[in-house]
Every structure is written in structure tokens, then in C-alpha cells.
Amino acid sequence: MPELPEVEVVRSGLASMVVGTTIRKVGVHHERATRRNVGDLAVQLDGAVIESVCRRGKYMWLELDRPFVLMVHLGMSGQIRINDSPSGHPHVRVDWTVTRAGEPPRYFEFLDQRTFGGMQICDRDQDGLPVAVSRIARDPFDPLFDVDAFAEMLTKRSIEVKKGLLDQHLISGIGNIYADECLWRVGLDGRTPCNHLDRSTAVEIVTTVTGVMSEALVAGGTSFDALYVNVNGESGYFSRSLAVYGREGHPCDRCGDPIIRSKFMNRSSFHCSTCQPPWSLP
DNA sequence: AATTAGCCCTGATTGC
DNA sequence: TGCAATCAGGGCTAAT
């Protein structure tokens with residue numbers, strides 16, 4: 001399940017392989033994958049030159065020699081592969097040829113089993129930012145991300161802290177996995193209301209989640225079910241290092257008590273009930 | 001503006 | 001064996 005580190009691995013890998021190439025022969029093989037512009041994606045992209053690959057949180061986009069960008073979201077199961085020949089894989093949703101003068105053509109493939117991901121032509125707002133991300137908050141790796149401002153804003157919210165970490169309008173890039181890992185490291189119950197946190201605790205939360213994601217980025221991304229593959233088709237391996245996520249019943253690395261699985265926001269959460277004691281009204 | 005519920009989707013797994 | 005229910009879950013939309 002790609003979160004910020006996995007998307008960044010894809011972004012940097014993709015950038016190293018396709019910047020300066022021309023997009024041709026775009027094929028759309030699944031309507032949902034192109035969202036709003038099903039019909040004309042191929043027409044608009046044909047002949048475009050990729051100038052750079054950018055990212056905010058879990059959103060990634062290709063800057064083109066066009067007024068618009070191509071926004072890409074990997075969703076739950078999206079992958080991008082660059083191959084020397086078409087793979088013929090049944091999950092290929094969009095593909096095109098990658099051409100550069102003096103080089104043999106290669107093949108860009110966007111694969112997505114669960115079709116929660118996709119790509120679309122996206123205009124820019126007044127600041128030049130793609131409109132699809134103009135309301136998405138900066139992520140912690142953004143040079144302009146303001147830790148203190150985020151901490152202050154967070155402590156004013158009434159929502160539970162895990163919900164705050166997952167809200168891409170407050171801070172972007174964090175998903176279910178890194179939220180749980182962060183809360184375990186801090187020793188905090190994810191159901192604690194944000195407005196009951198000290199400012200210093202809020203700062204600790206954001207520095208911790210940044211640390212967890214930095215480690216994952218170094219490791220090359222996390223993979224659980226082999227659905228995530230980076231741009232070269234290699235699986236990540238940081239999942240071996242996870243302390244709580246997916247480890248129901250296993251002993252906590254810190255205290256040895258079993259990891260508890262529970263439902264939160266209609267999805268699974270994992271925590272240690274000893275290291276992360278239940279929050280209650282003071 | 002803040003918050004919440006429902007929906008989208010398919011392959012692996014589990015249950016009867 | 002076969003069919004159905006369950007699960008994975010981020011983000012979009014509508015409703016409050």
C-alpha cells in the first residue's frame with residue numbers, strides 16, 4: 001500500500017528513466033484509471049515531452065511541455081513499470097511508448113489490480129500548482145513544511161490523533177501503516193483527541209513519523225502483498241522492520257506484551273495496549 | 001469550514 | 001467442490 005516513501009521511490013526511479021522522453025501511442029485499457037478524461041487522455045498526451053516528475057504526499061505528477069500536467073495516484077495497488085517490451089499483464093490500465101532520440105523505444109505501464117489509483121490531465125492553479133493537489137497539505141519532506149505551525153494547528157482539532165495523521169488536508173503522505181508505527185514509537189493511543197495533546201507531544205509526533213518514513217525511504221519502500229513494486233519491478237523490504245502493523249498477537253518489541261488489532265475508521269489498527277495505554281478523560 | 005458515512009474495486013482467503 | 005462472505009483501505013462525494 002503505497003504511502004509517501006513508496007511513492008517517492010517510484011517518483012525518483014521514474015524520473016531517472018523518463019525525463020526527456022516523448023510520450024507516444026498512449027493506450028487506455030480501463031476507464032476508471034483515467035478518471036475524468038477517459039476519451040481524450042491519449043490525444044492530449046500524444047507527443048508530450050516529460051520534463052520532470054514531482055510529488056506532494058502520495059500524489060505524483062509528470063511535468064510536460066504542455067500547459068497541463070499528468071497527475072498520478074497509485075491508490076492501493078498501483079504500480080509503474082518501464083519495460084523493454086509490453087508485458088501483456090492483465091492489470092495494465094494505461095500504457096505508452098517511451099521514446100528518446102537515438103535509443104530503442106521502451107514501454108511505460110501503469111498497473112493497478114484494485115483500480116483505486118489512476119491518472120488524469122490536470123490544470124494548474126494561480127500558483128502553478130496542479131489543482132488536484134492545491135488543497136492537499138505539504139508533506140513532512142517538503143522544504144516548506146512548518147513543524148511548529150502543524151503542531152499548533154493539530155492541537156486545536158477535536159478529532160482523534162490517528163485521524164488527524166491520516167487527513168491529507170492537514171499533513172500529507174501518511175497512511176495507515178506509518179500512522180500506527182509512529183503512534184507506537186511515541187507511546188500514544190491513536191484515539192486520543194488532538195486538542196488534549198501538549199504542543200511538545202504534537203511536535204514529537206511529526207518528527208517521529210518523519211523519522212519512520214525516512215527509514216522506509218532508505219530501505220526502498222514497504223511491501224506487504226507484493227502489489228507494490230517499484231519502477232524497476234523490485235519489491236521493497238522495509239516491512240520486515242515494522243513494529244506493530246500487521247503483527248497481531250506478536251510480542252511488542254519494547255515490552256513483550258501481545259500486539260492488539262482493533263477497528264478504527266472502518267480499517268485495522270495495531271497497537272500495544274501496554275506501551276500505548278488507552279486514552280481516557282483526565 | 002469541520003466532520004462523517006458510504007461508495008468504489010478485485011484477488012486471496014475463509015466459511016459453510 | 002462450489003459458492004458466498006470477508007478482507008485489504010485511500011480518496012472522493014454527498015450529507016449534516
Side-chain angles (χ1 to χ4, degrees), chain A residues 1-8 10-11 28-38 55-61 71-80 89-94 110-122 130-137 139 150 152-183 190-196 209 213 216 221-229 235-236 239 242 244-249 259 261-271:
Chain A
M1 302 121 202
E3 302 181 24
L4 188 154
E6 293 78 16
V7 178
E8 174 57 23
V10 173
R11 187 209 64 77
V28 176
H29 308 289
H30 195 292
E31 282 193 0
R32 261 179 68 82
T34 61
R35 305 292 189 234
R36 291 173 182 80
N37 33 31
V38 173
R55 182 189 56 73
R56 172 176 285 200
K58 305 172 199 171
Y59 292 79
M60 177 170 60
W61 65 92
M71 185 61 59
V72 180
H73 199 291
L74 299 175
M76 291 292 301
S77 51
Q79 306 172 6
I80 291 172
H89 195 284
H91 294 156
V92 174
R93 308 307 189 192
V94 178
F110 174 76
L111 300 88
D112 190 10
Q113 180 218 113
R114 295 176 204 168
T115 70
F116 277 24
M119 57 181 65
Q120 63 187 90
I121 301 296
C122 181
V131 294
V133 296
S134 61
R135 294 191 172 184
I136 298 298
D139 62 63
F150 171 77
E152 181 179 355
M153 179 273 298
L154 191 69
T155 56
K156 291 176 179 171
R157 295 303 189 101
S158 62
I159 53 174
E160 296 154 307
V161 62
K162 181 170 178 182
K163 195 165 177 123
L165 290 176
L166 295 177
D167 189 337
Q168 305 299 301
H169 301 99
L170 306 184
I171 183 172
S172 67
I174 304 169
N176 204 26
I177 297 168
Y178 296 115
D180 276 3
E181 292 299 308
C182 165
L183 292 166
R191 293 163 294 191
T192 308
C194 291
N195 56 15
H196 284 76
V209 78
M213 293 198 296
T222 301
S223 175
F224 277 97
D225 47 13
L227 287 174
Y228 167 72
V229 179
S235 292
S239 58
L242 296 177
V244 285
Y245 195 86
R247 300 191 68 234
E248 179 184 18
I259 299 301
R261 174 179 178 165
S262 58
K263 280 287 180 186
F264 183 85
M265 292 169 68
N266 275 331
R267 53 205 51 161
S268 291
S269 279
F270 299 88
H271 75 285

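Below, each value reflects all heavy atoms present in this structure, side chains not excepted, and no hydrogens, waters or symmetry copies. Sequence lines set the chain letters: A, B, ... in the order given, protein chains first and strands last, and positions in each chain run from 1.
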What pairs with F110(A) under ring-ring contact (aromatic ring centres under 6.0 Å, His included), at least two apart in sequence or on another chain? none

List the protein contact pattern of nucleotides 10-15 of chain B with one symbol per nucleotide (5' to 3'): B for base contact, S for sugar-phosphate-only contact, - for none; contact means a heavy-atom distance under 4.0 Å. BS----

Rounded to the nearest Å, what distance is computed from the NZ atom of residue K162(A) to the P atom of nucleotide dG10(C)? 8 Å

Taking only residues two or more places apart in sequence, or in another chain, which ones meet E160(A) in a salt bridge (charged side-chain N to carboxylate O under 4.0 Å, His left out)? none

Whole-Å distance, E3(A) CD to dG10(C) P, equals 7 Å

The contact string for nucleotides 2-8 of chain B, one letter per nucleotide 5' to 3', using protein heavy atoms under 4.0 Å with B, S and - for base, sugar-phosphate only and none, comes out as SSS---B

Kindly write out the residues that satisfy side chain to side chain donor-acceptor pair (under 3.5 Å) with R56(A), not counting sequence neighbours, or none if the list is empty. none

Any H73(A) side-chain N or O less than 4.0 Å from OP1/OP2 of dG11(C): yes

Axis-to-axis angle across the helix from dA2(B)-dT16(C) to dC16(B)-dG2(C), five pairs an end, to 10 degrees? 50°

Tell me: CG of L74(A) to P of dC9(B), nearest whole Å? 18 Å

Might you work through the side chain to side chain contact (heavy atoms under 4.5 Å, CB included) test for M213(A) and I174(A), ending with a clear yes or no? CA-CA 9 Å; M213(A) 293 198 296; I174(A) 304 169; 4.1 Å; yes

Would you kindly give the CE-to-P distance between M76(A) and dC7(C), to the nearest whole Å? 15 Å

Those residues that, when tested against H30(A), pass side chain to side chain donor-acceptor pair (under 3.5 Å) (two or more places apart): none

Partners passing ring-ring contact (aromatic ring centres under 6.0 Å, His included) against H89(A) (at least two apart in sequence or in another chain): H91(A)

Suppose we screen for salt bridge (charged side-chain N to carboxylate O under 4.0 Å, His left out). Which residues come up paired with D180(A), at least two apart in sequence or across chains? K162(A)

Whole angstrom is fine here: how far is it from CD1 in I174(A) over to C1' in dG10(C)? 14 Å

Is there a side-chain contact between K58(A) and the phosphate of dG10(C), meaning an N or O under 4.0 Å from OP1 or OP2? no

Residues that Y59(A) engages under ring-ring contact (aromatic ring centres under 6.0 Å, His included), provided they are two or more places apart: H73(A)

With sequence neighbours excluded, what pairs up with R157(A) under the salt bridge (charged side-chain N to carboxylate O under 4.0 Å, His left out) test? none

Check the distance between dG11(C)'s C1' and R56(A)'s CZ and give it to me in whole angstrom. 17 Å

Compare side-chain N and O positions of Y59(A) against OP1 and OP2 of dC12(C) and report whether any pair is under 4.0 Å apart. yes

Any base atoms under 4.0 Å from K263(A), or only sugar-phosphate, or nothing? Heavy atoms, all strands. sugar-phosphate

Output yes when E8(A) and R55(A) qualify as a salt bridge under the 4.0 Å nitrogen-oxygen rule, no when they do not. yes

Sorted by chain and residue number, the salt bridge (charged side-chain N to carboxylate O under 4.0 Å, His left out) partners of K263(A) (sequence neighbours excluded) come out as none

